Each structure stands twice: as C-alpha cells, then as structure tokens.
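The shown structure was predicted, so the numbers you read here are calculated from the model rather than taken from an experiment.
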Amino acid sequence: MDKKTLLINRIHRNFADYKAKLLKVDGQGIFEKAEEIAAYTQVHRNMTENRSYEPEELDYLLLFQDPLEVVTDQYQEEFRYAENMLELIVARICDKQDGLGDYPLMKKYGEPER
C-alpha cells in the first residue's frame, strides 16, 4: 500500500474514532463542541479528498497515530488568529454600508421586532 493511501486510511479511522467519542457526549456538550466538530470535519475533508502530498509531508504525518488531531489542533489555533479579522469585517461593512440593498431592514430604529 502506498503512503498516501496509508495516510488517508488512517485519517478516516481517526475521524471514525472521533465521531464515536462524540456519540457519548450529551446535547449541551455537542453544542459546546460545535466549532471543534466543524474543524475536524473540514480538516478531514481537506486531507482526504483530492489532496496531493509532498513525500516529506507523508513521511511526517505518518509518524503520528492521529494525524487528523495534529492538523486539526493547528488549524484551530490558526483560526483563533483569524477571528481578529471579524472586527475588521464589521468595521468595513459599517463604513461601506455593505448589505443595505441585499438584506431586509428594520422599519425604524428602535421598533420592536415581530
């Protein structure tokens, strides 16, 4: 079996184990893990679908029992830095008044919503 197939099979197994572990979490716990679940799902999809790897990437990732966890943890860490972009996005939207013609508006500021 080639290294890429070996890695993809391991990642699928890691994801199946992760999902099995989640099935033991109650409803509130699942809600609290929503961001983590999204991260695992996105990383799993990216790492297993139409992804090419350099030989050294395969060698490195195959060192780990759970390469999915390794990459997902780093992905979540990087995403935390990207959350700072939200402030810039809100400022830009308000400055440019983006969305005024694209989304329903309130009738008058301060009126109660129905």
Side-chain angles (χ1 to χ4, degrees):
M1 182 177 307
D2 67 52
K3 289 180 180 182
K4 181 178 179 181
T5 302
L6 187 63
L7 177 64
I8 288 173
N9 287 344
R10 186 172 304 163
I11 292 168
H12 284 312
R13 198 169 50 251
N14 295 154
F15 195 52
D17 292 345
Y18 176 74
K19 290 189 292 186
K21 186 173 73 172
L22 284 176
L23 291 175
K24 298 174 185 173
V25 177
D26 68 4
Q28 181 63 34
I30 289 288
F31 184 77
E32 291 169 1
K33 288 185 168 286
E35 289 180 11
E36 178 186 284
I37 294 167
Y40 265 88
T41 302
Q42 290 171 348
V43 171
H44 171 261
R45 186 178 308 121
N46 179 273
M47 292 184 77
T48 59
E49 294 178 6
N50 302 317
R51 171 83 160 76
S52 60
Y53 291 93
E54 296 297 324
E56 57 274 1
E57 291 174 328
L58 289 168
D59 290 338
Y60 184 73
L61 292 170
L62 285 168
L63 292 173
F64 300 97
Q65 289 181 10
D66 194 338
L68 178 62
E69 180 183 27
V70 171
V71 175
T72 301
D73 284 351
Q74 186 62 42
Y75 177 81
Q76 288 180 289
E77 187 64 33
E78 297 288 330
F79 192 76
R80 282 185 193 90
Y81 291 117
E83 287 177 342
N84 295 332
M85 291 295 295
L86 184 57
E87 289 182 36
L88 298 173
I89 291 168
V90 170
R92 189 193 75 226
I93 288 170
C94 293
D95 184 48
K96 292 183 177 182
Q97 297 187 359
D98 284 350
L100 284 176
D102 299 328
Y103 301 94
L105 302 174
M106 296 294 293
K107 290 183 180 182
K108 185 176 178 182
Y109 180 75
E111 284 187 7
E113 295 183 35
R114 294 182 195 189

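- In this structure, CG in N14 is found 12.0 Å from CZ in F64, a value given to the nearest 0.5 Å.
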>> The test is side-chain contact (heavy atoms from CB on, under 4.5 Å); show your working for T72 and E69 and say whether it passes.
In response: CA-CA 5 Å; T72 301; E69 180 183 27; 5.7 Å; no

>> For L23 and K19: C-alpha separation, side-chain torsions, deciding distance, then whether side-chain contact (heavy atoms from CB on, under 4.5 Å) applies.
In response: CA-CA 6 Å; L23 291 175; K19 290 189 292 186; 5.8 Å; no

> Do V43 and F15 pass the side-chain contact (heavy atoms from CB on, under 4.5 Å) test, and can you show the C-alpha distance, the side-chain angles, and the key distance before you say yes or no?
Replying inline: CA-CA 10 Å; V43 171; F15 195 52; over 6 Å; no

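- Other residues, nucleotides and ligands place no more than 12 heavy atoms under 6.0 Å from the CD atom of Q65.
- Partners of Y53 according to the ring-ring contact (aromatic ring centres under 6.0 Å, His included) rule, which considers only residues two or more places apart in sequence or in another chain, do not exist here.
- Taking all atoms of both residues into account, the shortest heavy-atom contact from P67 to I11 is CG-CG1, 4.1 Å.
- Transitive grouping of hydrophobic side chains (ILVMFWY, heavy atoms separated by less than 4.5 Å) keeps I8 and Y60 in distinct clusters.
- Each of I37 and F31 belongs to its own hydrophobic cluster when Ile, Leu, Val, Met, Phe, Trp and Tyr are linked at side-chain heavy-atom distances under 4.5 angstrom.
- The main-chain N or O of E54 is never found under 3.5 Å from a side-chain atom of D59 such that the two would form a donor-acceptor pair.
- Scanning all heavy atoms of the two residues, the minimum distance from E36 to Q76 falls at CA-NE2, 3.4 Å.
- With L68 as the partner, the side-chain contact (heavy atoms from CB on, under 4.5 Å) test is satisfied by one option alone out of H44, R10, R13: H44.
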